[in-house]
Number of protein chains: 2
Amino acid sequence: MYNIGAAAEAAELPVKTVRYYADIDLVTPSERSQAGYRQYGEAEVKKLIFVRRSRTFGFSVDECRELLSLYQDRNRESRQVKQIALQRIEEIEHKMAELQTLHDELAHLAETCRGDSRPDCPIIKSFSA
Amino acid sequence: MYNIGAAAEAAELPVKTVRYYADIDLVTPSERSQAGYRQYGEAEVKKLIFVRRSRTFGFSVDECRELLSLYQDRNRESRQVKQIALQRIEEIEHKMAELQTLHDELAHLAETCRGDSRPDCPIIKSFSA
DNA sequence: GTAAGGCTTCCACTAACTGGAAGGTCAAGG
DNA sequence: CCTTGACCTTCCAGTTAGTGGAAGCCTTAC
C-alpha cells in the first residue's frame, strides 16, 4: 500500500493532483488508514500512470474516465471497447504526426542556428516572410 | 488579409481562441479594418498554427511566447535560440515516447478485443490484477 | 432594404489544477 | 516521553486557458 506521496511519486504526478483525482472520483484510493490517510494499491497506481499519460496528450478528464472504464467495466461489450479504442488511436496518430512536425521545425531551427553569437537563424526569415 | 474567422479556419483554431490570443498579446492581428475588424496576414496565420501545435503538446501560453520569440527576436543570440530549441526538443522526444506507449496500449487493447459481443478483453485482467 | 451571417466588446462561467492556511499523524533522535 | 520534521488531512482562494452568451455594429446577397 502506498500513501498518497508514494503513489504520486510512483505515478509521476503532483500530490495535489492525485488528491484532486480522488475528489472527483477519477482514481479513488482503495482504502483509508485509521488516521484517514488515502491508501493506494498497485492497480490504482497503474491507473494514475495511465491517466497521466492520457492527460498529457489532450484527453480530458472525462475522456480519461471513459478510457479507464474500458479497463474496468466488464459488462461493456467488446465491440464497443474496440470502437472507442480505435477512435482514440486515430486521434493519437494525428497528434503524433503534429508532434513530429513540431519536432522537425525545432530541430531544423536548432540545426540552422550556428550556436555562436551571431543572431541570424535562417528560419527566422522563412517564418516572418 | 484574413478576417478573424478566416484566420481561425486557416489555423484550425476556434475564433474565440484567436481573439483570446489577441487579447493577451500572444498573436496580434497586423491591423484593424475601419470597422474595427481584426486583420491577419500570412505571417500571423503561421504563428497561430505554430501556437496551436505547441499548445497541443503541453507548452503553456508563456512557453509559446518564448518559442515564438525565437522566430521574432532578431537581437537574441543564436546560441540562446539553439539552447532553448534543444531543450524543447528533448521534452518533445519524451512526449513522443509516452504518446507511443499510450498508442501501443490502446492498439493492444483494440487487437485483443475480439470485436464481437463478448466482454472479455484480456488486457482488462492484466490491468486490474 | 432587410435578413443572414460575421464581427465587436464585455462579463460570467468552466476545467483542471495549484497554493496556502490550520491542524492532525508518525517515525526518529535526544 | 517528548519534540521535531516530514507527511498527511480539509477547506478555500487563485490561476490558466479558454468558452458561452448577450447586445449591438458591419457587410453582402437577394
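So you know, we letter chains A, B, ... as the sequences are listed, proteins then strands, and number each from 1.
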Is A:R52 salt-bridged to B:E98, going by a charged N under 4.0 Å from an acidic O? yes

Is the shortest heavy-atom distance from the side chain of A:V27 to the side chain of A:L68 under 4.5 Å? yes

Calculate the interatomic distance between A:Y2 atom OH and D:dC7 atom P; express it in whole Å. 17 Å

Without decimals, in angstroms, what is the distance between B:Y40 OH and C:dT8 P? 7 Å

Has B:S33 got a side-chain N or O lying under 4.0 Å from the OP1 or OP2 atom of C:dC7? no

Between B:E9 and B:Y2: side-chain donor-acceptor atoms closer than 3.5 Å: no

When rounded to whole Å, the CZ to C1' distance for the pair B:R55 and C:dA15 reads 13 Å

So, is A:R38 close to the D:dC8 phosphate, meaning a side-chain N or O under 4.0 Å from OP1 or OP2? no

Using whole Å, report how far CD1 of B:I4 lies from C1' of D:dC26. 15 Å

Can you check whether B:T17 has a side-chain N or O nearer than 4.0 Å to OP1 or OP2 of D:dA17? no

Presence of B:R32 side-chain N/O under 4.0 Å of C:dT9 phosphate oxygens OP1/OP2: yes

Less than 4.5 Å apart, side chain to side chain, heavy atoms only: is that true for B:S33 and B:Q39? yes

Short side-chain N/O contact to C:dC17 OP1/OP2 from A:R52, under 4.0 Å: no

First encountered from the 5' end of DNA chain D, between B:Q34 and B:P14: B:P14

5'-most contact on DNA chain C (nearest-nucleotide basis), B:K16 vs A:I24, goes to B:K16

Value in whole Å for how far the P atom of C:dA15 lies from CG of A:L26: 14 Å

Does any N or O donor sit under 3.5 Å from an N or O acceptor when you compare the side chain of B:Y21 with the base of D:dG18? no

Base, sugar-phosphate, or nothing: which does B:R19 touch, judged by heavy atoms less than 4.0 Å apart? base

In whole angstrom, give the distance that lies between atom OH of A:Y20 and atom P of D:dC8. 20 Å

Between A:D23 (CG) and C:dA15 (C1'), how many Å, whole number? 14 Å

Charged N to carboxylate O under 4.0 angstrom, B:R88 versus B:E91? yes

Rounded to the Å, how far apart are B:Y37 OH and C:dG5 C1'? 9 Å

